[in-house]
Number of protein chains: 2
Amino acid sequence: MANDLAQTPKASAAQRIETALREEIAAGELAPGQRLDEIGLATRFGASRTPVREALSRLTAQGVLVQGERRGVFVAEYTRQDLSQIFEAMHEIEAACARIASQRLNLLTKSEIEAAQAKCVEAAQSGDRAAYLRANEAFHTTIYRATGNPYMAEIASEFRHRTGPFRAKKFSTPEDLLASAQSHQDLIDDIFSEDSTTASKGMRDHMEASFLMALKAN
Amino acid sequence: MANDLAQTPKASAAQRIETALREEIAAGELAPGQRLDEIGLATRFGASRTPVREALSRLTAQGVLVQGERRGVFVAEYTRQDLSQIFEAMHEIEAACARIASQRLNLLTKSEIEAAQAKCVEAAQSGDRAAYLRANEAFHTTIYRATGNPYMAEIASEFRHRTGPFRAKKFSTPEDLLASAQSHQDLIDDIFSEDSTTASKGMRDHMEASFLMALKAN
DNA sequence: CGTCACTATTTTGTATACAAAACTAAAAGT
DNA sequence: ACTTTTAGTTTTGTATACAAAATAGTGACG
């Protein structure tokens, strides 16, 4: 039995680098607009430029990075307008997920959503911000999966990744965590109503509240 | 002044290969499920494996290609279920575009949409199938642009490209063209109502009708 | 006759090397 | 002093080489 601590025992270097960079960007460790030089990353990850280039190439194709005018790849940097448009698109996609999920509910997906929400509540009550961020992520991912549509789920995940750096700062106070968890509960009620209009409106409301919370943190 | 016939004078080899492959796949020259071997492509394009790998990597990230279980990259092959899921996602995104567009109408976007529709009607009445396909494409793209949200527009375009090979066969009869044009007109009415619910429902109806037409053609 | 093991070939992933492009900076000329 | 040119350095893109993994093929043994 392999060591569980070795997270990705047989992942290629390119994949390791890709996910590592994605996480760092999502966590805001790599600031938007920052330039990523290949050789630096190569030495940092103890690899050559080849796998680094592959990782950068894929992240660029996903919109996490952007290719500069002349030279270099940069962490995607968004103007206020860009951000508002990206969030608008994200809201629409999340609402569509909620809509589809509401039409395809079953005992399994329902229990999965409830389990994910339970973890959110737990993290919120203990005031563990990092844990809540993870649980919140998992909650939304659970809804994506509940659509039963992997294509829909993938776009939604992609947008979540894109907006990661800008959502990272929210949940500044313990009260925010509890408010978010409550908002989740309202959303669940709307989705479980199995009415597509109610479900998508519920998600829009939740996303709106979440967005305002993010704005407040900046 | 440079020669206009040299389409991409300073495009990198990797980009040339990427777009060439994308077009071949969209045109159906490379069949779904077909394996793409790096060395073969390299010799075919007169390049080395490095730019080929970069192109394959990006196309994989975009879902045009898929990585096989064990070995090799393959042209994405969709099962009936996959297709239904992809179309479902596409419908949702198109509906979201219609919804946003309806909230952001102005004289310019209205006239653009009407102009695009006029070309559809013209092509439909003259029974020019190829022209209608182009006009239809332009019509939907116009709606994407009318959202004022390039991110939304890009996802929508992406899905339209993905489903291109499977929508190509529809519009078998001249009556289909006229029916589609009429469906467009209904859709325009719904969008111009400036009621987001009506607009998104209108697009859903249109997409549904269009989808059924595509099914009929197979 | 079938199964297992071992070798050989293909294929992928990574490293390194090199050429071309572009930015930087310094020097020369006006 | 300012522009232009030109050398130098960084950086990107591509090619080739090599190692590791995987599949296929071959033969031996049950």
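Below, read A as the first sequence line, B as the second, and so on, with proteins coming before strands; counting in each chain starts at 1.
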Give a yes or no on whether the ring-centroid distance for B:His91 and B:His206 is below 6.0 angstrom. no

Measure the distance from [atom1] on [X] to [atom2] on [N] and round it to the nearest whole Å.
X	N	atom1	atom2	result
B:Gln15	D:dG13	CD	P	8 Å
A:Arg16	C:dT14	CZ	C1'	12 Å
B:Asp37	C:dT9	CG	P	19 Å
B:Gln67	C:dG13	CD	C1'	11 Å
B:Glu54	C:dT12	CD	C1'	17 Å
B:Phe74	C:dT12	CZ	C1'	13 Å
A:Ile39	D:dG13	CD1	P	14 Å
B:Leu36	C:dT10	CG	C1'	17 Å

Donor-acceptor check, side chain of B:Asn149 to backbone of A:Gln85, threshold 3.5 angstrom: yes or no?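 Flag set: sc B:Asn149 to bb A:Gln85 pair under 3.5 Å.
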
Closest to side chain of [X], choosing from [options]:
X	options	result
B:Ala13	D:dT11, D:dT14, C:dT14	D:dT14
A:Arg49	C:dT14, D:dG13, D:dT14	D:dG13
B:Ser12	D:dT14, C:dT11, C:dT14	D:dT14

Given DNA chain D, 5'-ward residue of the pair A:Val73 and A:Thr50, judged by closest heavy atom: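 The 5'-side residue here is A:Val73.
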
Using only side-chain N and O atoms of A:Arg53, determine if any of them is under 4.0 Å from OP1 or OP2 of C:dT16.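 For C:dT16, neither OP1 nor OP2 has a side-chain N or O of A:Arg53 closer than 4.0 Å.
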
List in chain and number order the residues that pass ring-ring contact (aromatic ring centres under 6.0 Å, His included) with B:Tyr144, two or more places apart in sequence or in another chain; answer none if no residue qualifies.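 Here no residue qualifies.
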
Whether over 12 other heavy atoms sit under 6.0 Å from B:Leu107 CG: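 Open: at most 12 neighbouring heavy atoms sit under 6.0 Å from CG of B:Leu107.
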
